[in-house]
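Labels below follow one simple rule: chain letters A, B, ... track the order of the sequence lines, proteins then strands, and each chain is numbered from 1.
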Amino acid sequence: MGGVILLLLAMAVNTVVFSYRVRGGTREGRFQWGVVGHYLLTAPILHGIVITLELTVIAMIAGITIGVVLAVLRLSPNPLLSGSAWLYIWFFRGTPVLVQLFFWYDGIAYLYQDLGLGIPFGTALVTFNSNTLITAFVAGALGLSFNEGAYMAEIVRAGIISVDEGQTEAAQSIGMGKLQTMRRVVLPQAMRIIIPPTGNETISMLKTTSLVSTIAVTDLFQASQNIATTTYEVVPLLIVASLWYLFFTSILTVGQYYIERYYARGASRALPPTPFQRLRQSLRHERERPVAPLAEVPWVAPHE
Amino acid sequence: MVEARGVHKAFGRLEVLKGIDLTVHRGEVLCLIGPSGSGKSTFLRCINHLEKIDGGELSVDGEFVGYRRGGDRLYELKDKEVCAKRAEIGMVFQRFNLFPHLSVLDNITSGPVWVKKASPGPSKERARQLLDRVGLADKVDAYPNQLSGGQQQRVAIARALAMDPKLMLFDEPTSALDPELVGDVLDVMRSLADEGMTMIVVTHEIGFAREVGDTVVFMDGGVVVEQGDPVEVLTRPQHERTRSFLAKVL
C-alpha cells in the first residue's frame with residue numbers, strides 16, 4: 001500500500017516540476033496542486049466517495065449473483081431456462097448502460113406511477129409511488145447491477161465450462177445432486193478462471209459508477225463537478241477525482257492478487273511467493289552473500 | 001446384485017451397446033475385458049446412470065437404476081432419487097477425478113459430509129482409517145496434484161469406499177498409471193475383493209482378471225462375446241474373436 005502512495009506522490013511531484021518548467025506561469029502551475037490538496041479530503045468529496053463505493057459494492061454483488069444464476073440457467077438443458085437467460089444477456093449487453101440508467105430513473109416513473117407488491121395479477125398488498133421508491137441512487141444501483149449481471153453471466157459461464165467433465169461425473173458418482181455439484185465442486189474450480197476478469201469488471205465498475213452523475217446522484221465525480229462549477233477550478237477537481245479513482249483501483253488490484261492466490265490452492269504444487277515475500281527473500285540473500293568466491297564454498301545439500 | 005437384460009445404448013446413430021445380458025452376484029468380482037470401443041466402459045457407466053440406457057432393463061440390488069416402473073413403461077427418476085441410488089454405488093475412474101481444490105482428507109469426507117450429512121468429526125476419523133488402509137496415512141493434508149497417479153487413484157478408491165457402497169465400479173483404474181505404480185492400486189483392489197466387496201472391473205490387466213476375478217466377460221462390438229470362469233475364458237477361449245484379442249494383449 002505504501003508503495004502505491006509513494007508512486008502517486010512521485011507522479012504528482014514530477015508533474016509539478018514539469019508544469020513549472022514548461023508552462024512557467026503562476027506560482028502554483030496550471031495544475032494548482034494546492035487546490036487539489038485543499039479539496040482532496042473535504043466533506044463533499046468524501047461523501048461522494050462513499051456513494052461511489054456503495055454503488056460499486058452493490059452493483060458487483062448483485063451483478064455476480066445475477067451472473068451466476070444466469071450462467072447456470074444458460075447451461076441448463078431446459079430450452080426455456082437457457083433461452084430466457086440468453087434473452088436477458090442479449091438485451092442488457094446490447095443496450096448502453098447509460099440508456100439503461102435513464103430507463104430506470106425516468107422511464108419507470110413515466111411508465112408506472114405506482115409500483116405494488118402483492119399477488120401477481122391480484123391485489124397489491126403495498127403500493128409505492130415510483131418516484132419515492134426509485135430514487136436516483138436506487139435507479140443507479142439497479143441500472144448498474146442488471147447491466148453487470150449480463151457481463152458476469154458470460155464470465156461465470158466461461159469458468160464453468162472450463163472445469164473438466166470428469167469432476168461433475170465424480171461428484172455425481174458419490175451421490176451429489178446437480179446444485180450441490182455446482183456449488184461444491186464446479187464453481188470453486190471455475191473461480192480460478194472467473195476471478196481475473198471479475199477483478200477487471202470491479203475496477204471497470206468503480207469508474208462506470210461516474211455515469212450516475214447524469215441521473216442526479218452525487219457520486220465522487222459529481223461531487224467534484226459541483227465544486228468546480230462554483231469555483232471554476234475545473235482541472236484541480238478533475239485531478240482530485242482521478243487521484244481517488246486511482247487510489248481505489250490500486251487497492252482493488254492488490255485485493256485481486258490475493259483472491260487469485262487463494263483459489264489457486266491445489267492447482268499448482270506450490271504457490272509462487274507474493275511480491276512482499278520475494279522482496280524479503282532478495283533482501284535476505286543480499287545480506288547472506290558469501291564472502292569467499294563461489295568455487296571455495298563447500299556444497300551443502302539443501303535441507304528438506 | 002446387478003442384473004442386465006438386453007441393455008441398449010446409442011450415441012446418436014452409433015449403437016454402442018447392442019443388448020447386454022449380464023448377472024453379477026453379491027460378493028462377486030466381475031472383470032470386463034475387450035478392445036477399445038467395445039462398449040465396456042459405457043456399460044459400466046450405465047450401471048450408476050451416468051449414461052441413460054435406451055432399451056432393456058438394468059437393476060442393482062433388485063431396483064432399477066435411474067428409472068421406475070409404472071405399468072409397463074419406465075419413467076426416469078428425479079435427480080434426487082437418482083442421487084440416492086448413486087450414493088450406494090462407488091465408482092473409480094480412469095483419470096482419478098479427485099477434486100483438485102480439496103485436500104486428500106476433504107476429498108474423502110466430501111461424500112459422507114455433503115451427501116449423507118454425516119458429522120465431520122467421525123467422517124474425518126473414518127477417512128483417516130481408509131487412507132491408512134490404502135497405504136497413504138501420511139498424505140492426509142496433501143492436495144491431489146501433489147500426489148503421483150497411483151497415490152491419487154488410491155485416494156479415489158478411499159473416497160468411493162467412504163460412502164460404504166454395496167457395489168464398486170472400476171473404469172480402467174490402472175490405464176493412466178506408470179507401470180511401476182499399477183501394483184499398489186491392484187493390491188488395494190485385491191484386498192477389497194478378499195473382503196467380499198461386489199466389484200465390476202473394466203480392465204486391461206489380464207493377470208488381475210485371472211487372479212482376482214470370479215468371472216471374466218469378454219465384450220466386443222457392443223455385445224458379450226463370451227463369459228465364464230477366468231481360467232476357462234482366458235486360457236481356453238471358445239470364440240475366435242476372444243482368441244485373437246488375447247493373443248494381442250497377452
Side-chain angles (χ1 to χ4, degrees), chain A residues 68-69 72-73 75-82 156 158-196 198 258-273 304, chain B residues 44-45 47-51 66 78-104 106-117 141-147 152 155-156 159-165 167-171 176:
Chain A
V68 170
V69 173
V72 173
L73 289 181
L75 293 167
S76 158
N78 183 331
L80 194 71
L81 297 181
S82 65
V156 174
I160 290 175
I161 55 181
S162 77
V163 177
D164 183 51
E165 220 177 315
Q167 292 292 312
T168 310
E169 289 182 353
Q172 287 178 340
S173 79
I174 55 175
M176 287 192 209
K178 279 179 185 154
L179 282 177
Q180 204 169 29
T181 302
M182 189 53 76
R183 191 165 77 87
R184 298 290 197 179
V185 176
V186 177
L187 280 179
Q189 294 183 59
M191 288 306 266
R192 262 170 53 72
I193 304 291
I194 295 173
I195 293 292
T198 304
Y258 282 96
I259 296 175
E260 271 177 37
R261 261 178 78 85
Y262 175 78
Y263 281 105
R265 281 167 320 158
S268 45
R269 287 174 190 223
L271 288 175
E304 296 279 333
Chain B
L44 197 74
R45 292 158 58 85
I47 296 176
N48 69 350
H49 202 59
L50 282 181
E51 305 285 356
K78 291 197 191 85
D79 188 44
K80 214 174 182 175
E81 297 166 303
V82 176
C83 288
K85 289 268 191 297
R86 283 200 188 115
E88 301 173 341
I89 305 171
M91 184 156 188
V92 175
F93 298 85
Q94 180 178 359
R95 301 210 41 80
F96 329 132
N97 294 348
L98 290 178
F99 305 133
H101 59 300
L102 300 178
S103 70
V104 163
D106 291 341
N107 261 281
I108 300 174
T109 58
S110 63
V113 173
W114 293 341
V115 177
K116 284 188 173 171
K117 313 288 179 206
D141 297 318
Y143 280 91
N145 284 352
Q146 296 165 329
L147 304 180
Q152 288 190 51
V155 173
R159 178 176 68 179
L161 289 177
M163 292 296 285
D164 295 315
L167 168 69
M168 284 284 285
L169 308 175
F170 293 85
D171 188 5

Please report the interatomic distance [atom1]([X]) to [atom2]([Y]), rounded to the nearest 0.5 Å.
X	Y	atom1	atom2	result
Arg95(B)	Glu165(A)	CZ	CD	14.0 Å
Cys83(B)	Gln172(A)	SG	CD	7.0 Å
Asn107(B)	Ile174(A)	CG	CD1	8.0 Å
Glu51(B)	Glu169(A)	CD	CD	7.0 Å
Ser173(A)	Arg159(B)	OG	CZ	6.0 Å

Original post:
Contact part of Leu50(B) toward chain A, heavy-atom cut-off under 4.5 Å: side chain, backbone, both or neither?
Top reply: side chain
Subject >> Pairs of heavy atoms under 4.5 Å with chain A: top-ranked of Val82(B), Asn97(B), Leu169(B), Leu98(B) >> reply: Asn97(B)
Subject >> Sub-4.5 Å side-chain heavy-atom contact between Phe99(B) and Pro188(A) >> reply: no
Original post:
Heavy-atom distance under 4.5 Å between the side chains of Leu102(B) and Arg184(A), does that happen here?
Top reply: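 No, side chains not in contact.
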Subject >> Crowding at NZ, Lys78(B) (>12 non-hydrogen neighbours, <6.0 Å) >> reply: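 No, because the 6.0 Å sphere around NZ of Lys78(B) holds 12 heavy atoms or fewer from other groups.
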**OP:** Take atom CG of Asp141(B) as the centre, draw a 6.0 Å sphere, and report whether it contains more than 12 heavy atoms from other residues, nucleotides or ligands.
**Re:** no
Original post:
Backbone N or O of Gly177(A) within a donor-acceptor pair of the Asp79(B) side chain at under 3.5 Å?
Top reply: no
**OP:** With a 4.5 angstrom heavy-atom cut-off, could you sort out which part of Gln167(A) is near chain B: side chain, backbone, both or neither?
**Re:** both
